[in-house]
Structures are given as structure tokens and as C-alpha cells.
Amino acid sequence: MDRPTYYDQVFAVTRAVPRGRVTTYGAIADFLALGSARMVGWALNKVAYDLKVPAHRVVNRKGELSGRVHFNPPQRMQELLEQEGVTVKNDQVQNFKEILWIPADHLSQEAFDESFE
DNA sequence: ATTGTGACATACG
DNA sequence: CCGTATGCCACAA
């Protein structure tokens, strides 16, 4: 699309997160070099009821499942993560630093832009 | 145009 | 660790 909305970009990055890995709101915002971490969570909220985007792989900078309450039902987020091999305890992703996936380290801005033509 | 609203992040006490 | 404050900025009304 000519004019991808902020949502589209957030969704695209989120879909790029591999199974068993997680990323953070800040990392996505940083990669997009647009908006802020707040925008990311806000964008995901719009699609929380759609299963097209693996929103469960996005957590806050502490590795907490801060957005779980927006799932249906809330514990669904943790279940999905554990299903992918991610251990979650007390609403926190275990081994967080090991499985953290930073978009900026694996995606090129150019290739990303092209996907919106 | 103005205001309100955040699934955040960082700084400070 | 906890609460407060501030920056952040796209989007809906």
C-alpha cells in the first residue's frame, strides 16, 4: 500500500518475530524509528482480537506480559508463548535476554519498506 | 484545530 | 520495590 499506517508497520514487524522468540515494544518502536513504544502497544491493541499477528511475542522491556489482559482470555498470551517453547513464570518471560529478538538486528529497513509496495 | 487516550520507557525520590 | 512525573506521537471523536 502507498501509505501504510502505523498499525501496518507494527504488525509487519511483529509477524517477523520467529517462534520461540520475543521482542519488546521499545525495540519495535526503535526499528521503525517512528512513534514511540506507546504507539506499538496501542497499535497491537487494535488487533488483539485478530490472530493474524503474534502479539503474544511482544512484551515490555522487563519481559513481562503486560498486555495479557487484552487477550481473550487473558491467560491466552502465556499459553501461546509456552506452546512455542517460551517459559513464562509469574507473568514474566524466563530466559528473557536469551530469546529476545531485536528487529533492528535482523531486519533491514529497506527490505521492510519494500514489503509495503 | 484541540483534546483525550494509551499492551511503554526512563528518571527521580 | 513503589509511586510519580514526563516524554513520546498516531489516531479517534
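Naming: A, B, ... by sequence-line order, numbering from 1 per chain. No experiment lies behind these values; they were computed from the predicted model shown.
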Is there side-chain contact between [X] and [Y], with at least one heavy-atom pair below 4.5 Å?
X	Y	result
A:Phe96	A:Lys62	no
A:Ile28	A:Val58	yes
A:Thr87	A:Asn95	no

In whole angstrom, what separates [X]'s [atom1] from [N]'s [atom2]?
X	N	atom1	atom2	value
A:Leu81	B:dA7	CG	C1'	13 Å
A:Ile28	C:dA10	CD1	C1'	15 Å
A:Phe11	C:dA10	CZ	C1'	12 Å
A:Arg57	B:dA7	CZ	C1'	17 Å
A:Gln9	C:dA10	CD	P	10 Å
A:Tyr6	C:dC11	OH	C1'	12 Å
A:Tyr7	B:dA7	OH	C1'	14 Å
A:His70	B:dG6	NE2	C1'	9 Å

Quiz item: Between A:Asp113 and A:Glu110, is there a donor-acceptor pair closer than 3.5 Å when you use the side chain of the first and the backbone of the second?
Solution: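 No, because the side chain of A:Asp113 does not come within donor-acceptor range (under 3.5 Å) of the backbone of A:Glu110.
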Quiz item: In terms of side-chain geometry, is the basic nitrogen of A:Arg21 or A:Glu84 positioned less than 4.0 Å from the acidic oxygen of its partner?
Solution: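 No.
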Quiz item: How are the rings of A:Tyr7 and A:Phe11 set relative to one another: parallel (under 30°), tilted (30 to 60°) or perpendicular (over 60°)?
Solution: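 Aromatic pair A:Tyr7/A:Phe11 classed parallel.
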Quiz item: Base, sugar-phosphate, or nothing: which does A:Ala55 touch, judged by heavy atoms less than 4.0 Å apart?
Solution: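 Counting heavy atoms under 4.0 Å across all strands, the contact made by A:Ala55 includes a base.
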Exercise. Have a look at A:Val10 and tell me which of A:Val47, A:Val40, A:Val53 forms a side-chain contact (heavy atoms from CB on, under 4.5 Å) with it.
Key: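 Among A:Val47, A:Val40, A:Val53, the one that satisfies the side-chain contact (heavy atoms from CB on, under 4.5 Å) with A:Val10 is A:Val40.
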Self-check item: Sorted by number, the residues of residues 14-22 of chain A with heavy-atom contact under 4.0 Å to DNA chain B
Solution: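 Residues of residues 14-22 of chain A that come under 4.0 Å of DNA chain B do not exist, since none gets that close.
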Quiz item: Mind checking what makes side-chain hydrogen bond (donor to acceptor under 3.5 Å, both in side chains) contact with A:Asp30, not counting sequence neighbours?
Solution: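 Listed in chain order: nothing, the list is empty.
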Quiz item: Reading nucleotides 8-13 of chain B 5' to 3', which nucleotides get B (base under 4.0 Å from a protein heavy atom), which S (sugar-phosphate only), which -?
Solution: BSS---
Self-check item: Hydrophobic cluster membership, A:Leu44 vs A:Val93, 4.5 Å side-chain cutoff
Solution: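 As far as the 4.5 Å side-chain criterion goes, A:Val93 and A:Leu44 are not connected within one cluster.
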